[in-house]
Number of protein chains: 2
Amino acid sequence: MDRDSLRAIFKKRGLKITPQRLAVFDAVIKSDNHPCAEDIFNIVSKIHSNISMSTVYQILHLLEELNMITPIEVDGTQRFEIKSNFHIHAICPICGDIEDLYSKKIKKFWELTTSEFDIKPIKQDIRLFRYCNNCK
Amino acid sequence: MDRDSLRAIFKKRGLKITPQRLAVFDAVIKSDNHPCAEDIFNIVSKIHSNISMSTVYQILHLLEELNMITPIEVDGTQRFEIKSNFHIHAICPICGDIEDLYSKKIKKFWELTTSEFDIKPIKQDIRLFRYCNNCK
DNA sequence: GTAGGTGCAAATTATTTGCATATGT
DNA sequence: ACATATGCAAATAATTTGCACCTAC
């Protein structure tokens, strides 16, 4: 996922490629800590000093609809990550830090399990709460 | 989980057993569709016509702290269920309906996952999105 | 030029808080 | 009697919406 894929996807759908959209997208790509709307607003504001929260939200919704980002809900606040392969979220109940856990084996097992249940999930959201290294 | 266990737990902690607390607890036990705070308020209001949302929220937090209920976040709203054995939530992205899936296989999946990452989770929240029978 | 996007301000929704009054023990 | 719980109303936080203006195409 990079600017070029955004350009391609947007062009195909007749959506305008605006500097705000590029900047929000960049902010999500470059953040490794699952930023919330406000975090993204703060990052993007450094360049587009007059971007509004409303625009940030609209763009985030759009990117989600286009399957380019994924929301993660923690403590009543939506956070975002670039769409990627199957993984699990390990969340710290103290500070809210999210760590992505990847494993091919677990992915296989999830697919096997859901298919045996005759379910093809549209998506899944698997979270595991444990104290992070800073908080334990 | 029934009124008697509530009485026992509350007595042990020196907490008052009020009609509101019993009623909120009953409402969660008797609902099979993961009610939100407002649903519970509506149910309890039929008997305690002047109960307030604030009291409902306070009681829900208390029951959660006492490990008697579990919150499930869907579309920015907290919903609740009585604490029970390991299961996952199958959620409909259209109507928000939640189905509890109990399965030895899924439990195995989770045991494999946590052992692979060598984590003993405080808790987990596994949701799988699929269209429910009404919406598909 | 025009459809669609942005920014502002106001509205909405879910939840929390402060505090005076009421109630369980 | 006394500590604790409740109910009201006001506050907060995250997000959404309406609408006039702006900009990518």
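The nearest whole Å value for the distance from the NE2 atom in A:His48 to the C1' atom in D:dT23 is 13 Å. Atom CE in B:Met53 sits about 16 Å away from atom C1' in D:dA10, given to the nearest Å. Put simply, CD on B:Gln20 is 4 Å from P on D:dG7, counting in whole angstrom units. For B:Ile51 and D:dC8, the CD1 to C1' distance is 13 Å, given to the nearest whole Å. Whole-Å rounding puts the A:Ile17 CD1 to D:dC25 C1' distance at 10 Å. The CG atom of A:Leu62 sits 16 Å away from the C1' atom of D:dT16 (whole-angstrom rounding). Separating the CD atom of A:Glu65 from the C1' atom of D:dT16 is a distance of 14 Å, rounded to the nearest angstrom. If you measure from atom CD of A:Glu73 to atom C1' of D:dT15, you get 11 Å, rounded to the nearest angstrom.
Residue B:Gly14 is classed as having no contact, given no heavy-atom separation below 4.0 Å to the nucleic acid. At a threshold of 4.0 angstrom between heavy atoms, the contacts of A:His61 are confined to the sugar-phosphate backbone, with no base atom among them. Residue A:Thr55 is classed as a base contact, given a heavy-atom separation below 4.0 Å to a base. Within 4.0 Å (heavy atoms only), A:Gln58 reaches at least one base atom of the nucleic acid. If you check every strand for non-hydrogen atoms under 4.0 Å, A:Thr77 touches sugar and phosphate atoms only.
For the pair A:Ser103 (side chain) and A:Ile106 (backbone), a donor-acceptor distance under 3.5 Å is present. Distance alone, capped at 3.5 Å, is enough to place a donor-acceptor pair between the A:Ser31 side chain and the A:Ala27 backbone. No donor-acceptor pair under 3.5 Å is formed between the side chain of A:Ser49 and the backbone N or O of A:Ser45.
Terminal axes of the helix from C:dG1-D:dC25 to C:dT25-D:dA1 (five pairs each, C1' rotation axis) are separated by 40°, to the nearest 10°.
Each of B:Ile59 and A:Lys11 has a nearest nucleotide on DNA chain D; the 5'-most of these lies closest to B:Ile59. Each of A:Asn50 and B:Pro19 was matched to the nucleotide of DNA chain C holding its nearest heavy atom; the match closer to the 5' end belongs to A:Asn50.
Tracing side-chain contacts under 4.5 Å through hydrophobic residues (I, L, V, M, F, W, Y), one never reaches A:Ile43 starting from A:Ile69; they form parts of separate clusters.
Distance CD1/B:Ile59 to OG/B:Ser54: 9.5 Å, rounded to 0.5 Å.
Under the 3.5 Å distance criterion, with hydrogens and angles disregarded, a donor-acceptor pair is assigned to the side chains of A:Ser84 and A:Tyr102. Counting only N and O atoms by type, the side chains of A:Glu99 and A:His87 include no donor and acceptor under 3.5 Å apart.
The aromatic rings of B:His89 and B:His34 stand perpendicular to each other, their planes meeting at an angle above 60°, with 30° marking the opposite boundary.
Candidate nucleotides D:dG7, D:dA14, D:dC25 were compared by shortest atom distance to the side chain of A:Glu38, and D:dA14 ranks first.
Along DNA chain C, read 5' to 3', the first and last nucleotides having any atom under 4.0 Å from a heavy atom of chain B are C:dA14 to C:dT25.
Contact of B:Ser54 with D:dC8 (side chain to base): a donor-acceptor pair of N or O atoms is detected under 3.5 Å.
Under 4.0 Å is where a charged nitrogen must lie from a carboxylate oxygen, and between A:Glu73 and A:Arg79 no such pair does.
Within a 6.0 Å sphere centred on CD of A:Glu38, heavy atoms belonging to other residues, nucleotides or ligands number 12 at most.
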